[in-house]
Amino acid sequence: MWKIFLVLAMGFAIGFFGLLKEKQIKLNCRLQTLWLMLLIFCMGVSIGRNGDVIRNLPVLGGKALLFAISAVIGSILFVFLLSKLFFEKEGKK
C-alpha cells in the first residue's frame with residue numbers, strides 16, 4: 001500500500017512543481033485514458049468470470065446504486081463546502 005502512496009506523491013509533486021512540458025501533459029492525458037479503459041476492461045472480465053457476482057447481481061446492483069448515489073451526493077456537498085470556504089475568502093481579499 002505504501003508503494004501506491006509513494007507513486008501518488010511523486011505524481012503530485014511533478015504536477016505541482018510543473019515539471020512536465022505541454023507535450024508531455026498531452027501524452028499523459030492520452031495514457032491516463034488508455035490505462036483507465038484497460039482497467040475497466042479487466043474489471044469487466046473479472047466480474048464476468050465470477051459466478052457469485054453474476055448470481056447476486058440483482059442484490060448487488062441495488063446496493064451499488066445506493067452507494068453510487070451516496071458517493072455523488074457526498075462529493076457534491078464536499079466540493080460545495082470547500083468552494084464556499086476557500087473561494088469566498090479569496091473574493092474578500
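- Note that CG of Asp52 and CG of Leu60 are 9.5 Å apart. Values are rounded to the nearest 0.5 Å.
- Leu38 and Ile40 fall into different hydrophobic clusters, where Ile, Leu, Val, Met, Phe, Trp and Tyr side chains are chained together by heavy-atom contacts under 4.5 Å.
- No path of Ile, Leu, Val, Met, Phe, Trp and Tyr side chains, each step under 4.5 Å between heavy atoms, connects Val45 with Met37, placing them in separate hydrophobic clusters.
- Separating the NZ atom in Lys63 from the CZ atom in Phe67 is a distance of 7.5 Å, to the nearest 0.5 Å.
- Here the CG atom belonging to Leu57 is positioned 8.5 Å from the CD1 atom belonging to Ile47, to the nearest 0.5 angstrom.
- Atom-to-atom distance recorded for Leu27:CG and Leu20:CG is 9.5 Å, nearest 0.5 angstrom.
- Within the structure, side-chain hydrogen bond (donor to acceptor under 3.5 Å, both in side chains) contacts touching residues 26-42 (residues at least two apart or in different chains) do not occur.
- Under the 4.5 Å side-chain heavy-atom criterion for Ile, Leu, Val, Met, Phe, Trp and Tyr, Phe78 and Leu85 are members of the same hydrophobic cluster.
- In the hydrophobic clustering of this structure, Phe12 groups with Phe17; members are Ile, Leu, Val, Met, Phe, Trp, Tyr whose side-chain heavy atoms approach within less than 4.5 Å, directly or through other members.
- One distance of note links CD1 of Ile25 with CD1 of Ile14; it measures 11.5 Å at 0.5 Å rounding.
- For the atom pair Ile54 CD1 and Asn50 CG, the distance stands at 7.5 Å (nearest 0.5 Å).
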